[in-house]
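Below is one structure, written out as structure tokens; the observations come after it.
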Amino acid sequence: MQTWINALSWLNFGFLLKGLAVTLFISVFAIVLSFILGSILGIIRYAKLKFISAIVGFIIDIVRNLPLLLIIFFTYFGLPNIGLRPGAILSAIIAMTIFESSMIAEIVRSGIQSVAIGQIEGARSTGMSFVQALWHVVLPQAYRHMIPTIIGQFVSLIKDTSLATIIVVPELMQHAQVIYGQNANYIVPMFAALTLLYFIVCFTLSLIGNKLNKKLA
């Protein structure tokens, strides 16, 4: 019992919370950026633009089939070879944005395809352009269908931030490793604390998603 008390002291727990703040920082930026970029890529795939949609689809398929850890390594160690030197946190944001954008793109494309074709045809018959019909008629309906899947993908993103510890990003997992690296007896208490903190964050996001889904249903 004393081991748990020492491991979860105010000093150590405060250190964990600092790591959690970095985790949330990375997650928020990656979520916003991947949602925007993924939506654009998904729309391009749906629109079936000559050559462009095929190229975008090819790139998305490659990224989706790569391990996120490999993309993190490439961003952190590869970009400096072409003159770009992002820090560890920025590298994690870039890598996760690239990876999650490919996932969101497929979700968006599938969501748009789930809307009855008659919706866009009806909108076009009123004089709307394809872009106007997509923006005002199709996308609002499609995003309602996509909310549970997108929220689930964002929950996965938050958990995947733990992979950034491999490039020494000072996020939640890395801070836990620092603490139990000082005393091997702290490993179980640290992982218990990690479980609780990750659960609180991810479950809160799931609740927000469920509430939003019910509100828009």
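Between Thr97 and Val32, the closest side-chain pair of non-hydrogen atoms is not below 4.5 Å. Side-chain contact between Ser27 and Val201: absent, with no pair of heavy atoms (C-beta onward) separated by less than 4.5 Å. Counting heavy atoms from C-beta outward, Ile104 and Phe154 have side chains that approach closer than 4.5 Å.
Heavy atoms of other residues, nucleotides or ligands lying less than 6.0 angstrom from CH2 of Trp4 number more than 12. Phe130 CZ: more than 12 foreign heavy atoms inside a 6.0 Å radius.
Residues Tyr76 and Leu79 do not share a hydrophobic cluster, clusters being chains of Ile/Leu/Val/Met/Phe/Trp/Tyr side chains in contact below 4.5 Å. Under the 4.5 Å side-chain contact rule for hydrophobic residues, Phe25 and Ile158 do not share a cluster. In this structure, Ile208 is not a member of the same hydrophobic cluster as Leu24, with clusters built from ILVMFWY side-chain heavy atoms closer than 4.5 Å. Val131 is not connected to Val137 by any chain of hydrophobic side-chain contacts under 4.5 Å among Ile, Leu, Val, Met, Phe, Trp and Tyr, and they are in different clusters. In this structure, Leu163 is a member of the same hydrophobic cluster as Phe99, with clusters built from ILVMFWY side-chain heavy atoms closer than 4.5 Å.
In terms of modelled atom types and a separation under 3.5 Å, the side chain of Glu106 and the main chain of Met103 share no donor-acceptor contact. A donor-acceptor pair is defined here as one N or O able to donate and one able to accept, closer than 3.5 Å; such a pair exists between the side chain of Thr23 and the backbone of Leu172. Side chain of Ser34 to main chain of Ile31: a donor-acceptor pair is present (N/O by atom type, distance under 3.5 Å, no hydrogens or angles). Formation of a donor-acceptor pair under 3.5 Å by the Ser9 side chain with backbone atoms of Ile5 is not found in this model. Remark: the backbone N or O of Gln174 is paired with a side-chain donor or acceptor of Glu171 at under 3.5 angstrom. Between the side chain of Thr165 and the backbone N or O of Val168, no donor-acceptor pair lies under 3.5 Å. At least one donor-acceptor pair closer than 3.5 Å links the side chain of Ser162 to the backbone N or O of Lys159. Asn12 places no side-chain N or O within 3.5 Å of a backbone atom of Leu8 that could act as its donor or acceptor partner.
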### Derivation and outcome, side chain to side chain contact (heavy atoms under 4.5 Å, CB included), residues Trp135 and Met128
CA-CA 10 Å; Trp135 182 260; Met128 287 186 178; over 6 Å; no
### Task
For Tyr46 and Val108, run side chain to side chain contact (heavy atoms under 4.5 Å, CB included): C-alpha distance rounded to whole Å, both residues' side-chain angles, the deciding distance at 0.1 Å, then the answer.
CA-CA 9 Å; Tyr46 171 78; Val108 170; over 6 Å; no
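In this structure, Phe29 CZ and Ile94 CD1 are separated by 12.0 Å, a value rounded to the nearest 0.5 Å. One finds the CZ atom of Arg85 at 11.5 Å from the OG atom of Ser91 (value rounded to the nearest 0.5 Å). In this structure, Ile166 CD1 and Leu69 CG are separated by 6.0 Å, a value rounded to the nearest 0.5 Å. Put simply, CG on Asn210 and CD1 on Ile151 are 8.5 Å apart, with the number rounded to the nearest 0.5 Å. Distance check: Leu33 CG to Met96 CE gives 13.0 Å after rounding to the nearest 0.5 Å. Between Leu49 atom CG and Ile55 atom CD1 the span is 11.0 Å, to the nearest 0.5 Å.
In this structure, a donor-acceptor pair under 3.5 Å is present between the side chains of Tyr143 and Ser39.
The minimum heavy-atom distance linking Thr3 with Asn185 is given by the pair CG2-O, 3.3 Å. Of all the heavy atoms in Ser102 and Ile60, the pair that sits closest is O-CG2, 3.6 Å. Closest of all the heavy-atom pairs between His145 and Ser114 is ND1-OG, 3.0 Å. Among all heavy-atom pairs drawn from Val155 and Ser206, the shortest one is CG2-OG, 3.8 Å. The shortest non-hydrogen separation linking Ala95 to Leu68 is O-CD1, 4.0 Å. The heavy-atom pair separating Gly209 from Ile147 by the smallest distance is O-CG2, 3.7 Å.
A parallel orientation is assigned to the rings of His175 and Phe15, their planes being inclined by less than 30° (bins at 30° and 60°). The aromatic rings of Phe203 and Phe199 lie parallel to each other, with less than 30° between the two planes, well short of the 60° mark.
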